[in-house]
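Note sheet for the following structure.
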Amino acid sequence: MAAWRFYPSGRVGESPHPFVLVVDQDVSLPGAPGLTAAAIPAPALKNEAILMSESLSRSTSQDLTNAVRPAAIVVISLYIAAQLISQIASLKIGVVFSLAVDMGTFIYPLTFTLRDMVHKTIGKRGAQTLILCAGGVNLLMALYLLWAAQVPSDPSWGLGEQFSAILSPVWRIVFASIVAEVVSELLDTEVFHRVREAYLRKSGPRRQWLAVLASNAVSVPVDNLLFCFGAFAFVLPFEVIRQIFAINLATKFAMTLISLPGIYLVPDKKGEDAPGLQS
């Protein structure tokens with residue numbers, strides 16, 4: 001056996017951490033047919049190292065490109081945007097068809113189908129990570145708005161009190177919202193994954209719509225229950241809480257049906273979450 005030092009930087013003798021190449025003297029090296037290792041001088045080893053480094057760099061770049069598809073970037077951005085917009089819009093209680101409803105109700109349900117779309121593009125672990133990040137972003141937004149509301153307002157602006165009254169977070173509602181979001185969407189992830197995986201392993205129709213409906217049918221009521229009772233229990237009469245629960249539940253399921261076709265707009269992630277799947 002023989003050993004040589006070579007340097008992936010291509011600068012022989014200058015790298016503090018050289019690699020050691022150990023080969024059998026009777027075995028030809030790649031790119032040099034007919035030459036044994038003993039016949040390869042140091043410059044040739046240096047060139048081989050440079051080629052290996054360039055090949056590895058191209059492979060890594062290609063892997064990163066395949067790992068993060070444009071569709072994944074779009075649906076992740078939409079998911080975070082829907083989370084934040086719904087939190088702000090919920091500060092207004094509107095009247096729709098003579099019923100009182102917070103105005104975030106019409107956009108927040110989209111996050112469940114968007115989460116399914118994220119799951120489809122980056123897999124189960126990626127979706128779980130996104131859910132936890134979204135919970136952190138919501139908390140960070142509440143903390144920042146609290147700080148902004150407490151900063152003295154410029155007298156010439158004249159809207160300091162209104163800003164503080166509307167955007168200062170009510171922490172009970174904030175925590176109920178974040179807990180409901182994280183728990184229900186992690187549950188949504190698990191149900192969606194199990195239903196989708198079951199159909200991917202079968203021949204015949206994949207029925208992606210069924211995975212969306214099944215996961216939302218479990219997660220939406222859980223989200224509603226945790227939020228309504230976490231935010232309003234012992235604050236509002238039970239009958240009022242029941243009405244809020246029923247209206248929000250109906251609205252969220254209606255938005256689920258509207259957003260359902262979105263699952264067909266994004267490509268599948270290939271790998272452990274899609275065994276044997278063809279795009």
Minimal non-hydrogen separation, [X] against [Y], with atom names:
| X | Y | result |
| --- | --- | --- |
| Tyr264 | Lys120 | CA-NZ, 4.2 Å |
| Pro109 | Gly104 | CD-O, 4.3 Å |
| Ala231 | Ala176 | N-CB, 3.6 Å |
| Ser259 | Thr113 | OG-OG1, 2.8 Å |
| Val235 | Arg172 | CG2-NH1, 3.2 Å |
| Val195 | Ala211 | CG1-CA, 3.7 Å |

How about [X] and [Y]: do any of their side-chain heavy atoms sit closer than 4.5 Å?
| X | Y | answer |
| --- | --- | --- |
| Ile88 | Leu84 | no |
| Phe112 | Val212 | no |
| Gln128 | His119 | no |
| Asp102 | Ile244 | no |
| Leu213 | Leu257 | yes |
| Trp147 | Val151 | yes |
| Met117 | Leu78 | no |
| Leu159 | Ser153 | no |

Just by distance, do the side chain of [X] and the backbone of [Y] share a donor-acceptor pair under 3.5 Å?
| X | Y | answer |
| --- | --- | --- |
| Ser164 | Ala149 | yes |
| Thr121 | Val118 | yes |
| Thr189 | Glu185 | yes |

Residue pairs fulfilling ring-ring contact (aromatic ring centres under 6.0 Å, His included) with at least one residue in residues 232-261, sequence neighbours excluded:
Phe227-Phe232

For [X], does the [atom1] atom have more than 12 heavy-atom neighbours from other residues, nucleotides or ligands under 6.0 Å away?
| X | atom1 | answer |
| --- | --- | --- |
| Arg194 | CZ | no |
| Tyr144 | OH | no |
| Glu161 | CD | no |

If you measure from [atom1] on [X] to [atom2] on [Y], what distance do you get to the nearest 0.5 Å?
| X | Y | atom1 | atom2 | answer |
| --- | --- | --- | --- | --- |
| Ser215 | Leu210 | OG | CG | 9.5 Å |
| Phe97 | Ile247 | CZ | CD1 | 12.0 Å |
| Tyr79 | Arg115 | OH | CZ | 8.0 Å |
| Leu167 | Gln162 | CG | CD | 11.0 Å |
| Gln83 | Glu181 | CD | CD | 4.0 Å |
| Leu186 | Leu132 | CG | CG | 5.5 Å |

Knowing that exactly one of Ile107, Leu110, Asn138 qualifies, which makes a side-chain contact (heavy atoms from CB on, under 4.5 Å) with Ser86?
Ile107

Not counting sequence neighbours, list each pair that qualifies as a side-chain hydrogen bond (donor to acceptor under 3.5 Å, both in side chains) and has a residue in residues 227-248.
Thr105-Asn248, Glu239-Arg242

What verdict does the side chain to side chain contact (heavy atoms under 4.5 Å, CB included) test give for Lys252 and Asn224, after you've listed the backbone C-alpha separation in whole Å, the side-chain angles of each residue and the deciding distance to 0.1 Å?
CA-CA 9 Å; Lys252 288 174 180 177; Asn224 229 26; 2.9 Å; yes

Under 4.5 Å between side-chain heavy atoms, counting indirect links through other Ile/Leu/Val/Met/Phe/Trp/Tyr residues: same cluster for [X] and [Y] or not?
| X | Y | value |
| --- | --- | --- |
| Leu146 | Val170 | no |
| Val174 | Leu140 | no |
| Val191 | Leu226 | yes |
| Val220 | Val179 | no |
| Leu91 | Tyr108 | no |

Could you please spell out the steps behind the side chain to side chain contact (heavy atoms under 4.5 Å, CB included) verdict for Arg196 and Ile263?
CA-CA 12 Å; Arg196 180 170 178 261; Ile263 196 67; over 6 Å; no

Side chain to side chain contact (heavy atoms under 4.5 Å, CB included) evaluation trace for Asn216 with Asp116
CA-CA 9 Å; Asn216 286 17; Asp116 294 339; 3.6 Å; yes

What's the verdict on side chain to side chain contact (heavy atoms under 4.5 Å, CB included) for Ile178 and Val182, showing C-alpha distance, side-chain angles and the deciding distance?
CA-CA 6 Å; Ile178 293 174; Val182 171; 4.3 Å; yes

